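Step one of this worksheet: look at the structure below.
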Amino acid sequence: MTKPTASSSGFAGLAQRLTIILCAASLLLVAWQGAVLAGPPAGCDPAPGPQKLDAARPINLGLLKRKLVYYRCTRYDEEIAKALRKARDWVDRRAGHVKKPALVLDIDETSLSNWKEIYQNDFGYIVTGACDFSKGSACGAMAWERSAAAEAIKPTLALFNAAKAEHVTVFFITGRSEGPDERNATEKNLESVGYDGWQRLYMRTREFDGPSVAPFKTWARRDIAAQGYVIIANVGDQWSDLEGGYAERRFKLPNPFYYVQ
Ligand SMILES: [Mg+2]
């Protein structure tokens, strides 16, 4: 056997270190480019200053909106991540102890972010019409959904992937209306941002029309349970995502931007 000489092994070591440094630099560059290309959320460049609301006077809607934008630009991502860390800890702990474990995720403001549309519409919910992001225009909610352009809420995507790795079956339950266009766009959006390998997407059907989405969501979880799954975690941004049982633990994400009964 030929032993390496001191000089050849030294060169090999140097080459190996250089390769590691170059790989690390490339990864940092990719991460930096990703952050730069994604850019800050709409309305956060520059971020507005903090707003104080005078509790002694009636709420001023304009000031309240500024306060919400300030929150979105500062604490929102951190608080979302904190809630999802708890969900992930629970899924990690529980997955191996259940025969058919399942994770239920809501979509809007849980798995996908509609912040771009919300900000464009100045917190108004505009159902119909085109989705136009030019200054002073509005983005119709249906057109926005069909554009399949919402970004992933990253800590939810991380939870999704961690659950899959632990053989937890993932279901989406959304209040978005069932229909071929809506379904195609929602599935396309989920898959384009990395939600790949889920079991089923439940969308609200006409029979569940009514003031609250909670009966539909409860029915969908009951349907999952009837297939022998144990829903170990149910994650949503509205209480109507979480009411009605059929889940071991519920995880509420912050959403002060709108309310769904
Ligand atoms: Mg939601």
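Just so you know, these numbers come straight off a predicted model, no measurement behind them. Position 1 is the first residue of the sequence; numbering continues from there. Ligands are counted one by one from 1 in listed order, and the atoms in each one are counted from 1 as well.
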Which is the closest N/O/S atom of [X] when seen from the Mg ion (ligand 1)?
| X | result |
| --- | --- |
| Asp106 | OD2 |
| Asp237 | OD1 |
| Asp108 | O |

(request) Run through Trp198, Tyr229, Phe160 and flag the one making a ring pair (Phe, Tyr, Trp, His ring centres under 6.0 Å) with Phe171. (result) Tyr229
(request) Would you please test Phe257 and Tyr76 for ring-ring contact (aromatic ring centres under 6.0 Å, His included) and show each step? (result) CA-CA 11 Å; Phe257 312 125; Tyr76 174 71; 5.3 Å; yes
(request) Check the side chains of Asn114 and Glu109 for a donor-acceptor pair under 3.5 angstrom, ignoring hydrogens and angles. (result) yes
(request) Linking directly or through intermediates, with side-chain heavy atoms under 4.5 Å: list the remaining ILVMFWY members grouped with Leu242, chain and number order. (result) Trp239
(request) Under 4.5 Å between side-chain heavy atoms, chaining through other members, with only Ile, Leu, Val, Met, Phe, Trp and Tyr counted: pull out the rest of the cluster around Met142, sorted by chain and number. (result) Tyr125, Val127
(message) At a threshold of 2.8 Å, where the distance has to be below it, does the Mg ion (ligand 1) have an N, O or S atom of Glu109 nearby?
(response) no
(message) With respect to the Mg ion (ligand 1), please indicate if Asp241 possesses an N, O or S atom at a distance under 2.8 Å.
(response) no
